[in-house]
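Let me begin by presenting the structure, written as structure tokens, before commenting on it.
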Amino acid sequence: MTGFLVRRLLNYLLLCLVATFLAYLLAAQTFDPLAVLQSRNPAPPPEAIAAKAHELHLDQPVIPRYLDWLGNALHGDFGRTVDGAPVSAELWRRVGVSLRLFLLGTVIGIAVGVICGVVSAIRQYRFTDYAITVLSYVILSTPVFLLGLLLKQAALNVNQGLGTELLRFTGEVTPNFSGGFGAALLDRLQHLVLPTLTIALGQIALYSRYQRGAMLDVLGSDFLRTAQAKGLTRRRALVRHGMRTALIPMTTLFAFGFGTLVIGGVFTENLFSWFGMGDWLVHGIGAQDANITATVTLFVAVCVLLSGWLSDVLHAVLDPRVRG
Amino acid sequence: MTTAEAAAAPDERPDADPVLRVDDLQVSFPSEAGRVHAVRGLSYHVDRGEVLGIVGESGSGKSVSSLAVMGLLPAQARVSGSIRFAGRELIGLSDRELSGIRGRRIAMVFQDPLSALTPVHTVGDQVAEALLVHGGGKLSTKDATARAVELLDLVGIPNAAARARAFPHEFSGGMRQRVVIAIAIANNPDLIIADEPTTALDVTVQAQVLEVLRTAQEVTGAGIAIITHDLGVVAGFADRLMVMYAGRAVETGPVREIYSAPRMPYTLGLLGSIPRVDVAEKQPLVPIEGQPPSLSELPPGCPFAPRCPLAVDACRAAEPPLVPVTGTGGVAHRAACHRSEELAGDRSAEETAVQVFGAELVEPTDLATVPRARRQTVLRVDGLVKHYPLTRGTLLRRRVGTVRAVDGVSFDIVRGETLGLVGESGCGKTTTLMEILSLAKPTAGTISVLGSTVESLGRAEAKRIRRDLQVVFQDPTAALDPRLPVFDIIAEPLRVHGFDRPHIRRRVADLLELVGLRPEFAARYPAEFSGGQRQRIGIARALALEPKLVVLDEPVSALDVSIQAGVINLLDELKAKLSLSYLFVAHDLAVVRHVADRVAVMYLGKIVEIGDAPSVFGAPRHPYTRALLSAVPVPDPVVERRRERIILTGDLPSPADPPSGCRFRTRCFTFAALPEDRRVLCVEREPVLDAAADHAAACHYPRDSTSLQRV
């Protein structure tokens with residue numbers, strides 16, 4: 001089993017390289033970071049443009065540029081932005097912002113989504129099931145930016161009702177915040193609630209639907225009947241024999257759900273003025289910056305593949321049939 | 001006692017103290033076509049230590065009624081009547097109250113062992129759980145685990161202590177069924193309900209599992225209700241029998257008495273419809289025409305009346321009650337039939353069945369009298385080998401082994417002959433058949449159809465050959481496109497081969513008539529037909545191009561017993577009428593004995609015995625054939641209980657790693673009895689089969705052919 005997971009991990013490293021290479025190739029071929037310089041009025045002297053091009057290594061072919069970038073990236077240096085600032089200067093802050101948002105949102109989303117799905121399946125065609133189903137579909141069909149705006153509005157009302165600013169929705173910290181560690185943590189939490197909720201809600205809605213389906217498959221299964229025939233009450237049979245089996249098909253979903261989330265999180269980040277990786281990608285493309293684009297792609301690839309690997313581990317833990 | 005009083009009496013022995021007494025049980029389900037009355041006033045009892053066999057076709061309510069006893073019916077089922085277990089009424093108990101009884105006092109064994117165990121828990125844990133859940137906290141997990149190992153050992157799981165830590169997917173079907181039985185007997189129940197416990201298993205494994213159930217009963221002293229459609233299983237295993245039809249009991253009584261003198265035409269028909277593996281002379285099979293009624297809108301009268309040759313006006317007016325039969329039986333034997341008295345007599349059940357239902361054997365044709373050597377060879381398979389690579393890895397695929405699905409098989413079929421290919425699942429019979437049908441080059445060996453070797457065929461020639469080689473599949477429902485009307489299904493091969501429209505129209509009508517269906521049916525869709533009718537449509541399609549050879553892949557195993565006979569008779573009749581040759585692949589040896597002229601027995605990719613059917617069945621030479629035949633239950637309680645049974649140990653070895661020398665030696669009782677020095681031959685040299693001989697076995701120590709003994 002360990003061998004299998006190690007082999008998988010090696011495969012994933014290879015895939016990371018492929019992903020960044022393709023992203024770099026595409027970005028470098030289509031981006032023209034000099035366009036801004038050239039369109040200036042009065043036009044800068046050709047030497048200045050050439051100097052800029054040299055500074056950005058644009059005078060070299062793409063493959064050596066990529067290899068160069070990759071070699072440095074392995075040492076933690078992801079090159080410089082078009083403006084000349086090192087990519088790595090901003091990278092880790094943004095990674096922190098994104099992970100805080102998405103990890104928390106995903107964990108809450110999975111946990112609550114699974115529970116909602118199970119409850120929904122057990123209470124099939126009863127009120128609870130209908131309520132969860134309707135809510136899920138409403139959330140699933142609401143675009144994220146609208147959902148975020150609605151949550152903001154709701155938070156505004158809560159704040160007004162309470163008379164204090166309990167829920168904050170701009171940025172990840174209050175600018176120029178001063179106070180002790182506890183107060184700082186609280187401040188960050190206050191900022192975290194709304195965007196996390198925005199992300200989690202969508203995840204809950206999605207996972208609850210899948211979990212409901214997986215659970216319903218299990219509900220009609222022979223082994224659940226055997227468990228009841230043994231003398232387990234229906235509820236106990238469901239928890240001991242049904243849930244774990246129903247979680248198995250979900251593991252694959254969790255992995256790729258997280259991957260798409262990181263990319264799709266741009267809206268949420270923008271809405272709440274969180275300057276995370278999604279926001280950076282949009283910015284990088286706007287600035288015609290191949291290094292930023294490749295770096296964000298690498299980050300996303302690592303996230304997707306790492307969560308894919310985790311789901312392999314989870315699958316193996318839950319399902320003895322894939323072990324060994 | 002008048003009939004009305006007898007019907008009102010709850011059961012035949014009201015003074016006894018049975019473990020289970022079911023009275024006037026009614027179960028219905030909502031459906032789109034109205035309420036389905038799956039069980040309609042069922043009364044029966046199971047005594048302590050007694051085995052009650054419950055027999056009926058699918059939809060007769062036998063499973064539903066036992067799930068009602070367990071309280072495991074879905075929530076939308078409506079249950080009424082009375083189910084008293086050890087004096088306590090079960091209907092109306094809550095899930096919590098029932099769960100105290102389930103598994104502790106009433107246990108159940110289910111049909112499909114492959115899905116009956118939770119895949120994510122070890123088998124030891126699953127057995128231990130049955131103990132812990134009723135242990136009331138007094139039993140420690142450690143003790144429960146130890147007891148679970150004892151139980152697994154008791155049901156015959158080798159090396160139980162280690163195997164207890166394995167997961168269900170690491171066990172074969174038969175082994176999993178043993179685990180389910182271990183769970184069932186864990187708490188010494190008073191009643192075990194076994195719902196088709198061996199239907200999904202091969203016959204050698206069936207014999208093992210029935211043996212385990214017998215042991216389980218001896219150990220626990222429990223009453224057993226065994227639900228099955230196999231009258232052979234009941235004959236050997238049950239004390240009393242209850243025959244169900246359309247949600248009611250139509251006949252009950254001691255097994256011997258019912259088998260020798262059934263008093264309800266349906267039971268009679270069932271007994272007459274099954275071929276016997278132990279009778280040399282070919283008996284006519286009784287077909288029961290029609291199909292079981294819809295349980296949502298039953299017409300008045302006896303539900304069997306539309307299919308009953310004895311039905312009179314009274315049968316269509318009122319449903320007969322289940323009353324004691326007059327004559328020999330006494331009160332224990334009861335039947336629900338207006339004309340049951342007329343069935344009393346001295347003749348055997350089979351004779352009566354043939355007389356009542358009217359069955360006859362197909363006259364042998366002139367062709368059958370021509371010796372084999374002078375007839376045209378329709379199919380010749382020579383040294384056929386089919387290996388599948390076993391691979392590992394996704395990105396870098398590499399070969400780690402070879403599954404030897406078929407490993408050197410030779411046989412031939414001449415015109416007008418049926419070759420039965422038998423063997424347990426996994427022995428390679430389906431692969432052999434698929435290789436023949438694919439008309440592609442096998443891994444090794446040759447296949448020639450009507451003299452042309454298939455690997456050398458061009459596209460046009462292959463298409464021509466396909467006209468002569470057609471197939472009928474096992475599952476008639478899956479084999480017909482549900483979105484095509486029957487006409488299009490049967491016409492398709494004709495269209496492919498370029499026949500004109502008027503010809504096709506005529507031919508489809510003829511074909512429908514040929515297989516015993518009405519030409520008007522052509523406009524209907526497969527969903528409107530019963531299983532037996534669908535199989536007839538499949539046969540009509542196979543015959544459309546007037547083939548010389550029809551490959552039949554388990555053509556009757558998906559059908560109910562009463563329907564089976566009709567299809568077998570049809571196949572017999574068509575063979576004679578159209579001079580067809582059949583390659584008949586089946587696991588039911590009784591059916592094969594009935595239809596086949598020659599038989600080939602396969603084991604682990606090889607033919608171990610081949611010969612004409614009377615010799616192979618009458619004087620089997622290979623130990624595997626002998627074991628296989630002795631494992632088939634015979635639907636005759638007297639014969640079945642006297643027979644000596646050879647029970648094979650273990651499961652089929654993996655075809656990826658077959659044993660050296662003789663492949664059967666790991667399970668062979670002859671080998672086990674040999675002295676050490678004579679065993680060497682079996683271990684080192686693979687026995688060869690002389691395929692040209694009239695009757696040959698691939699065994700170093702075959703049973704002497706001069707000592708012709710019946711199995």
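Just so we're clear, the structure is a prediction, and the values are computed from it rather than from any experiment. To find a chain, count down the sequence lines: A is the first, B the second, and so on, and within it residues start at 1.
In this structure, B:H121 contributes its side chain and A:R240 its backbone to a donor-acceptor pair below 3.5 Å. A donor-acceptor pair is defined here as one N or O able to donate and one able to accept, closer than 3.5 Å; such a pair exists between the side chain of A:K230 and the backbone of B:Q126. Under the 3.5 Å distance criterion, the side-chain polar atoms of A:T226 are matched with a main-chain donor or acceptor of B:A116. Using modelled atom types, one side-chain atom of B:D95 and one backbone atom of A:R234 make a donor-acceptor pair closer than 3.5 Å.
Proximity of B:R96 to A:R235: side-chain heavy atoms (C-beta onward) are nowhere separated by under 4.5 Å. Using a 4.5 Å heavy-atom threshold, the side chains of B:S99 and A:Q228 count as separate.
Note: A:R321 CZ to B:E170 CD = 11.5 Å, rounded to the nearest 0.5 Å.
Among A:L224, A:T245, A:L232, A:D319, the residue with the largest count of heavy-atom pairs under 4.5 Å with chain B is A:L232. With chain A as the partner, the residue from B:R102, B:M70, B:H134 showing the most heavy-atom pairs under 4.5 Å is B:R102.
Among A:I248, A:L318, A:V317, the single residue meeting the side-chain contact (heavy atoms from CB on, under 4.5 Å) criterion with B:V120 is A:I248.
Using a 4.5 Å cut-off between heavy atoms, A:R236 touches chain B through its side chain atoms alone. Neither the backbone nor the side chain of B:L114 comes within less than 4.5 Å of any heavy atom of chain A. Contacts between A:T233 and chain B at a heavy-atom distance below 4.5 Å involve backbone atoms as well as side-chain atoms.
The two residues A:P320 and B:P119 make their nearest non-hydrogen contact at CG-O, 3.2 Å.
Enclosure of atom OH in A:Y12 by more than 12 non-hydrogen atoms of other residues, nucleotides or ligands within 6.0 angstrom is indicated.
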